[in-house]
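In what follows, a single structure is set out as structure tokens and then discussed.
Residue numbers begin at 1 in each chain, while the letters A, B, ... track the order of the sequences. Since this is a predicted model, take the numbers as computed values, not measurements.
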There are 2 protein chains.
Amino acid sequence: MIKLSQTDPRSPKTTVTADKVAASLSLAIHEHRLAPGTKLGEDEISELFGVSRTVVRAGLQSLAHQQLVEIQRNRGAFVAQPSLREAREVFEARELLEPRTARSAALRATPQDITILEQHIKDEHAAIAAADQGRALRLSGQFHIEISRIADQTTIAGFIEALIARSSLIIALYWRRESALCESFAHHALVEAIAQGDGQKAQELMHSHLVDLHSALDLRDRTAQSRSLKDALRL
Amino acid sequence: MIKLSQTDPRSPKTTVTADKVAASLSLAIHEHRLAPGTKLGEDEISELFGVSRTVVRAGLQSLAHQQLVEIQRNRGAFVAQPSLREAREVFEARELLEPRTARSAALRATPQDITILEQHIKDEHAAIAAADQGRALRLSGQFHIEISRIADQTTIAGFIEALIARSSLIIALYWRRESALCESFAHHALVEAIAQGDGQKAQELMHSHLVDLHSALDLRDRTAQSRSLKDALRL
DNA sequence: ATTCGCAGGATTGTATATAATATTGTGTTC
DNA sequence: GAACACAATATTATATACAATCCTGCGAAT
């Protein structure tokens, strides 16, 4: 057989290309290397990945479903810019879902799970030590996802994953510079409660942790016109 | 060619045509005109709607993201067949989200909202009287969606909408014929509680309503191989 | 000088063509 | 007659071509 295609010849069956595009963009968004509002041109991306616009579109539409990017008809795809209202809703939803999930996780966690969580915290520390803010932020989110995975509720875990993804955008937009992001302590305490199988404590710790996060955001109402001005400022 | 309907000029989010395809298929699934496991061939659909496979694919991917259809690589798209486990998870998630949402709805509902809900119930009755099971089922789901809309939490409402969509598939697969589906009473009581602004009661009613629904399903574990046999039976 | 209009260019939306892959049917061999 | 190999067929995955739409910039008119 003749191989003409210039695409990566190593993984022809393992992963679907559109997923790779979406995963790559998603990672960049999570690590704040792509700012909210950034234009994601189809031609540009298709050249970067060496694939056709068809698969790029599929990837972008996938991200649009997760509300990580916004697709405007005949205008293109942009990294999403959650509104104040959306930001509040996302954290309210997390405060509803995650404490209960942490509780389930505490009741179900195996020693293996604990090891994984502890490793996560170590990785977070390493990222912080390396001053890699982006990586630290992503790992912090993954920690929450890992807990929901332990809780063994795939459906709810999916919701939480979507909420955490959007949280990354919200943090990029509304984080108050004054407040320091030291999640390590909260995460460590959570792991301890989970390791001890103390569901009630895990639930409470998760809730206060989320409230802390929420209050570290500046979600005060600004003038309504800031929405359109913001676009200009971001570019 | 025939123009079916004009586009909504206020929501230019994604491609309009693909949305119509997805909405049409979604409706058919909700009304049980498309059984779980049904093959959704791209060529077939593209001919039915008079559009190219490109937009059909976009629509199918959208539905796949909502887990209403399952896309198997190089095999095609099929109406999803939620597993027993998924079925349980969906209803557990609903039991977690919807009671709280009903509470919020009771506290926020306007007289207009009450009117809308009452009209919904009337429509449900009409559908039942007309022996239109499919329509009745869809309206019943929409009733829940309407409540979440009143609660004014778009994000959570989106989750609930996805859960209800999957519930339709679950009912198609696991409904016990013995138990009658008389949701009218429960819905009526709910509207009363909401009309009176009694959040606590609405929350409790919603919870017991969901428990009733859940228990009307046959979610006992059958042989594992039934999964593959089922495909044969459905075609 | 400002505003309106229009053309040019750029980008997305859709359709079609080509490549890759799975399924099915047939024929040969044991 | 059964089982395997292989070809024929059907369907999906990707790429490319074409059409529609939007944005930008220039120029003319007021």
Gap between atoms [atom1] and [atom2], on [X] and [N] respectively (whole Å):
X	N	atom1	atom2	value
B:E44	D:dT11	CD	P	9 Å
B:D19	C:dG13	CG	P	12 Å
B:F78	D:dT12	CZ	C1'	11 Å
A:E47	D:dT16	CD	C1'	15 Å
B:F49	C:dA15	CZ	C1'	17 Å
A:K20	D:dT14	NZ	P	10 Å
A:R57	C:dT11	CZ	C1'	10 Å
A:Q61	C:dT14	CD	P	9 Å

For [N] and [X] - does any side-chain N or O of the residue sit under 4.0 Å from the phosphate oxygens OP1/OP2?
X	N	value
B:T17	C:dT14	yes
B:K39	C:dA22	no
B:S52	C:dA15	yes

Quick one: list whatever passes side chain to side chain contact (heavy atoms under 4.5 Å, CB included) with [X], sequence neighbours left out.
X	value
B:T115	none
A:E161	A:I145
A:S104	A:A151
B:A157	B:S148

Output all residues satisfying ring pair (Phe, Tyr, Trp, His ring centres under 6.0 Å) with B:H120, sequence neighbours left out; order by chain, then residue number.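 Scan of B:H120 (ring pair (Phe, Tyr, Trp, His ring centres under 6.0 Å), adjacent residues dropped) gives none.
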
Residue list, ring pair (Phe, Tyr, Trp, His ring centres under 6.0 Å) with A:F143, at least two apart or on another chain: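 Only A:H187 meet the ring pair (Phe, Tyr, Trp, His ring centres under 6.0 Å) criterion with A:F143.
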
What N/O pairs connect the protein and nucleotides 18-25 of chain D at under 3.5 Å? Give each pair on its own line.
residue: D:dT21; atom: O3'; partner: A:N74; partner atom: ND2; Å: 3.2
residue: D:dC23; atom: OP1; partner: A:R75; partner atom: NE; Å: 2.9

Who pairs with B:D152 by salt bridge (charged side-chain N to carboxylate O under 4.0 Å, His left out), at least two apart in sequence or on another chain?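 Once residues adjacent in sequence are excluded, the partners of B:D152 under the salt bridge (charged side-chain N to carboxylate O under 4.0 Å, His left out) criterion are A:R85, B:R108.
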
Mind grabbing the angle between the end helix axes of the helix from C:dA1-D:dT30 to C:dC30-D:dG1? Five pairs an end, 10° rounding.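 Inter-axis angle at the termini of the helix from C:dA1-D:dT30 to C:dC30-D:dG1: 0°.
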
From B:L96 CG over to B:I156 CD1, what is the distance, rounded to the nearest 0.5 angstrom?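 Output value for this atom pair is 9.0 Å.
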
Quick one: on DNA chain C, does A:D43 or B:T54 contact a more 5' nucleotide (nearest heavy atom)?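 So the residue in question is A:D43.
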
Would you find more than 12 non-hydrogen atoms of other residues, nucleotides or ligands less than 6.0 Å from A:Q112 atom CD?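 Not more than 12 within 6.0 Å, no.
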
